[in-house]
Protein chains: 2
Amino acid sequence: MASDTYTRILDTAQALIVSRGYNAFSYADISAVVGVGKATIHHHFPGKADLAVAVIARYRQATEDGMGAMAAHEPRADRRLAGYVGFWEQCIRDNNAPFCIAALLAAEMPSLPPEVAAQVKAHFDELIARLTGFIDEGLKNGELTSTEDAERSARILVATVHGAMLAARVAGGDAELYASITQPALKRLTG
Amino acid sequence: MASDTYTRILDTAQALIVSRGYNAFSYADISAVVGVGKATIHHHFPGKADLAVAVIARYRQATEDGMGAMAAHEPRADRRLAGYVGFWEQCIRDNNAPFCIAALLAAEMPSLPPEVAAQVKAHFDELIARLTGFIDEGLKNGELTSTEDAERSARILVATVHGAMLAARVAGGDAELYASITQPALKRLTG
DNA sequence: GGATATCTACCGACTAGTTGGTCGGTCGTC
DNA sequence: GACGACCGACCAACTAGTCGGTAGATATCC
């Protein structure tokens, strides 16, 4: 069972990565926030890469859980996509985790330890696969329309969402700007 | 007149930032590549932030020059947009500077020195303004069509381009993937 | 049931290496 | 002789990571 300290280290690391990326957070930062010795962090996560991998692995799981719940409880494809896009709008609005950790790490890709890079790639693949599934269903039952195939539509949607996150971040966390970019992208699929 | 060393420091810093971001490049890295003492870099650029600002300022100028040239020599709006989108496709394909420096720094925004952050914001504003101009012209003379206004169309295009860069980077520099995401976004405007 | 061994969580103190940055000084040129 | 370009040596602060050790819980053996 995951101890309290273990979880708090993960939480803090995640928050720090979201705001600074992989290269600009340190064990000392986490140590100060959690109120625990640096050595303790090494006890739970031997190296920095291990810590980052654990953070992304948990993030991937949470994403999969969220997507799975949506697949189970929301039958309409258009609402599923709106749920994905809207989730991030809310995150930016609440300023809690206003950026997709994987998108941030994607930018740092060339300087990432290989294990971390592999997790980032895995997240992208899973995310695209999930959304491709949603869109594919929607195209077949007529809830969605697109001139592109499902996978390409998914990739375009994700790219737009990530690009909109960047724009919102540059604008100081502007959720309206994010929405004004992503809503048309959504509407193009939902018709 | 900009000395040779001065320019080579800028070039190297730019390349390093493109591949690693602001936080993960050091004076020592540049020193090793350029073959000049660390103190020399400080002589030309007193602080790290000064260096980064100089890199982005030069990048902004180059962008403005490129956009200005396009405005002067390419009368058709659709070809102007294709020029912008295609420029990055070529960069990814050649693997020379396969990422927009400002998009990368945008991700690191919260951990950037204020002067650097200001430059990033300025680049985004200029880029949007230029593309908005192109699109506005195109909509008026019928070369382009869109259900959105010019500025929003520009923001959507830029977001898609930046998101596609991320996707291509995760996929190990896949220019085809970049193109497969950006081409439909372009076609939506050029009809 | 009491002594003993083991395990996990945790810590202070340390290390070797790196970070951005400073200093005094040397060289060649105008 | 002033000036810009440049350098080696240095600095304090920070980096990830190591080490030996402690406190407390849990299990094991007699």
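Keep in mind the model is a prediction, meaning the values are calculated, not measured. So you know, we letter chains A, B, ... as the sequences are listed, proteins then strands, and number each from 1. Because only heavy atoms are used, hydrogens play no part in the values below, and waters and symmetry mates are left out as well, while side chains stay in.
Distance, B:Asn23 CG to D:dC14 P: 15 Å, rounded to whole Å. Protein atom CD1 of B:Ile41 is 14 Å distant from nucleotide atom P of C:dT22, rounded to whole Å. Rounded to an integer number of Å, the gap from CZ of A:Arg20 to P of D:dT15 is 9 Å. Rounded to an integer number of Å, the gap from NZ of B:Lys48 to P of C:dT22 is 15 Å. In this structure, the NE2 atom of A:His42 is 15 Å from the P atom of C:dC10, given to the nearest Å. Note: CG (B:Leu16) to C1' (C:dT19) measures 15 Å, nearest angstrom.
For A:Phe25 and A:Ala39, each mapped to the nucleotide of DNA chain D holding its nearest heavy atom, the one lying further toward the 5' end belongs to A:Phe25.
When each of D:dA5, C:dG20, C:dC10 is scored by its nearest atom to the side-chain atoms of A:Thr5, the top-ranked nucleotide is C:dC10. The nucleotide whose nearest atom lies closest to any side-chain atom of B:His43 is, among C:dC10, C:dC23, D:dA5, D:dA5. Of all nucleotides listed (C:dG20, D:dC7, D:dG17), D:dG17 comes nearest to the side chain of A:Tyr27.
With hydrogens and angles ignored, a donor-acceptor pair closer than 3.5 Å exists between the side chain of A:Lys38 and the base of D:dG17.
With hydrogens and angles ignored, the 3.5 Å screen pairs no side-chain donor or acceptor of B:Thr12 with any backbone N or O of B:Val34.
At D:dC6, one or more side-chain N or O atoms of B:His44 fall inside 4.0 Å of OP1 or OP2 (strictly under the cut-off). Residue A:Thr40 places at least one side-chain N or O under 4.0 Å from the OP1 or OP2 atom of C:dC11.
Cation-pi check for A:Arg20 over A:Phe25 is not met; the charged atom does not lie both under 6.0 angstrom from the ring centroid and within 45 degrees of its normal.
By the 30° and 60° cut-offs, the orientation of the rings of B:His162 relative to B:Phe124 is perpendicular. Using cut-offs of 30° and 60° for the angle between ring planes, the A:Tyr6 and A:His44 rings count as perpendicular.
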